[in-house]
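Values below: every heavy atom of this structure, side chains too, minus hydrogens, waters and symmetry copies. Every number for a ligand or one of its atoms is a count from 1 in the order of the listing. All of these numbers come straight from a predicted model, not from anything done at the bench. Heads up: numbering here begins at 1 and tracks the sequence.
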Amino acid sequence: MTVAKADLVAQKLLEIKAVNFSPETPYTWASGLKAPIYTDNRLIMSYPSVRTTVEDALAELIKENFPDVDVIAGTATAGIPHAAFVSERLDLPMIYVRSSAKDHGKQNAIEGALKPGVKVVIIEDLISTGGSVITAADKIQEAGGEVIAAVAIFDYLLGASKEAFEKVGYPLMTLTNYVKILDYAVKDPKLSPYYDKLMDWYKDPKAWSEIHG
Ligand SMILES: O=P(O)(O)OC[C@H]1O[C@H](OP(=O)(O)OP(=O)(O)O)[C@H](O)[C@@H]1O
Ligand SMILES: O=C(O)c1cc(=O)[nH]c(=O)[nH]1
């Protein structure tokens, strides 16, 4: 992603208040970590002009970097709308991966048609530890698909996700990240008071979580 596009997406996320700061009452993340920040990319679908910017950028990133993709996958739940918008733009089939298999009906973990050997790009809304998207990608590989990349809107750039992606054998590419958000946060008088706390958290998110948990 170009610097200009990464800046633009960060700016749009702040504009729609997708980025929330609460150092005094920390958020609990999917991984169990406590954090002073929570980025709610689910809001993107409710703002058509921001949605167009984000989905166009995701589609362009995939077209440029993974032109041989056969199927677009979404992670449940927050990755699903983005997979739908992007697969429509690229005129490709779409599937999605449930966080756990249904316990009734067909008991599917993956919904949609996945033929063995197809090349899949999986779309996630956000990467913290990377655990959710990697688990979803594992399910696709177990079902016979070949995951060629994970793509997300936002990445916290944490050590945990870097380590996790070093092991999986496919790349992660994202539109924007935490550092870009901080660049904007420091210029905004409403957000700049949080800057030191956000930097403090970022130096060691695990230790911060233990202290504030
Ligand atoms: O990189 P990770 O540490 O796995 O965290 C990121 C995941 O957490 C959030 O999902 P959540 O579990 O809140 O579910 P949702 O998508 O259904 O909202 C987010 O949408 C990612 O899927
Ligand atoms: O790790 C998470 O669960 C998480 C963090 C965040 O900022 N936003 C989100 O939707 N999930």
Side-chain angles (χ1 to χ4, degrees), residues 9-10 12-14 16-23 25-47 50-51 54-55 58 72-86 94-102 109-111 120-140 147 149-168 170-182 184-185 191 194 197-199 201-202 204-206 208-210 212-213:
V9 174
K12 297 279 177 197
L13 294 182
L14 286 163
I16 63 170
K17 300 195 168 29
V19 187
N20 304 271
F21 301 114
S22 178
T25 315
Y27 297 98
T28 303
W29 283 3
S31 54
L33 283 173
K34 301 279 180 193
I37 180 168
Y38 191 80
T39 304
D40 187 359
N41 287 331
R42 301 158 195 85
L43 288 167
I44 293 168
M45 65 185 166
S46 307
Y47 294 87
V50 177
R51 189 174 74 201
V54 167
E55 312 307 344
L58 286 170
I72 300 295
T75 55
T77 60
I80 294 175
H82 305 293
F85 291 125
V86 169
M94 174 191 155
I95 59 172
Y96 68 82
V97 186
R98 293 178 177 276
S99 38
S100 54
K102 276 178 78 119
I110 298 173
E111 300 294 357
V120 180
V121 169
I122 186 162
I123 300 187
E124 172 67 290
D125 71 310
L126 169 141
I127 307 294
S128 302
T129 64
S132 305
V133 72
I134 291 173
T135 300
D138 287 349
K139 290 180 190 166
I140 292 172
V147 175
V151 165
I153 298 161
F154 180 87
D155 185 0
Y156 278 103
L157 303 175
L158 301 185
S161 70
K162 192 167 176 282
E163 270 176 39
F165 276 98
E166 274 163 10
K167 291 182 197 139
V168 293
Y170 49 84
L172 166 68
M173 294 187 84
T174 56
L175 298 185
T176 194
N177 58 55
Y178 184 70
V179 174
K180 291 284 171 199
I181 295 288
L182 282 188
Y184 278 93
L191 301 176
Y194 295 109
K197 286 188 171 145
L198 291 171
M199 281 308 287
W201 166 74
Y202 197 48
D204 194 342
K206 214 165 155 223
W208 195 98
S209 176
E210 276 159 20
H212 295 81

I'd like a table of the close N/O pairs between ligand 2 and the protein (anything under 3.5 Å), one pair per line with both atom names and the distance.
residue  : atom   : partner : partner atom : Å
ligand 2 : 1 (O)  : Ser128  : OG           : 2.7
ligand 2 : 3 (O)  : Ala30   : N            : 2.6
ligand 2 : 7 (O)  : Thr39   : N            : 2.7
ligand 2 : 7 (O)  : Tyr156  : OH           : 2.5
ligand 2 : 8 (N)  : Thr39   : O            : 2.8
ligand 2 : 10 (O) : Tyr38   : OH           : 3.0
ligand 2 : 10 (O) : Thr39   : O            : 3.3
ligand 2 : 10 (O) : Arg42   : NH1          : 3.1
ligand 2 : 10 (O) : Arg42   : NH2          : 3.0

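Residue contact check: Ala30 has heavy atoms under 4.0 Å from atoms 8 (O), 12 (O) of ligand 1. Heavy-atom contacts of Glu124 reach the following atoms of ligand 1: 21 (C), 22 (O) (cutoff under 4.0 Å). Within ligand 1, counting atoms from 1 as listed, the ones closer than 4.0 Å to a heavy atom of Gly130 are 1 (O), 2 (P), 3 (O).
Annotation: Phe21 is not in aromatic contact with Trp201 [ring centroid separation under 6.0 Å not met].
The side-chain heavy atoms of Ile44 and Leu13, taken from C-beta on, include a pair separated by under 4.5 Å. Val179 has its side chain within reach of Tyr202: a pair of non-hydrogen atoms, C-beta onward, lies under 4.5 Å apart. Using a 4.5 Å cut-off on side-chain heavy atoms (C-beta onward), Thr176 and Lys12 make no contact.
Nearest heavy atom pair, residue Ile134 against residue Ala164, reads CD1-CB, 3.6 Å. When all heavy atoms of Pro23 and Lys197 are compared, the closest pair comes out as CB-CD, 3.6 Å. Shortest non-hydrogen contact noted between Ser209 and Lys34 is OG-N, 2.9 Å. The heavy-atom pair separating Arg51 from Met45 by the smallest distance is NH1-O, 2.9 Å.
Residue Ser128 places at least one N or O, backbone or side chain, under 3.5 Å from an N or O of ligand 1. Any N or O atom pair closer than 3.5 Å counts here, and Tyr38 shares no such pair with ligand 1. No N or O atom of Leu126 sits closer than 3.5 Å to an N or O atom of ligand 1.
Closest protein heavy atom to atom 4 (O) of ligand 1: Ser132 OG, 2.5 Å. Scanning the protein for heavy atoms near atom 13 (O) of ligand 1, the closest one is Arg42 NH2, 3.5 Å. The nearest heavy-atom contact from the protein to atom 17 (O) of ligand 1 is Thr77 OG1, 2.6 Å. Protein heavy atom nearest atom 16 (O) of ligand 1, with residue, atom name and distance: Ala78 N, 3.0 Å.
Closest heavy-atom approach to atom 3 (O) of ligand 1 among the candidates Ile134, Thr129, Val133: Thr129.
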Determine whether Tyr170 and Phe165 satisfy the following criterion, side chain to side chain contact (heavy atoms under 4.5 Å, CB included), listing intermediate values before the conclusion.
CA-CA 7 Å; Tyr170 49 84; Phe165 276 98; 3.9 Å; yes
Does the pair Ile181 and Phe154 meet the rule for a side chain to side chain contact (heavy atoms under 4.5 Å, CB included), with working shown?
CA-CA 10 Å; Ile181 295 288; Phe154 180 87; 3.4 Å; yes
Side chain to side chain contact (heavy atoms under 4.5 Å, CB included) between Met94 and Ile80, worked out
CA-CA 9 Å; Met94 174 191 155; Ile80 294 175; 4.0 Å; yes
Going through the distances and angles, do Thr39 and Tyr178 end up as a side chain to side chain contact (heavy atoms under 4.5 Å, CB included)?
CA-CA 10 Å; Thr39 304; Tyr178 184 70; over 6 Å; no
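Contacts between Asp125 and ligand 1 below 4.0 angstrom, taking non-hydrogen atoms only, involve the side chain exclusively.
Between Thr75 and ligand 1 there is no heavy-atom distance shorter than 4.0 Å.
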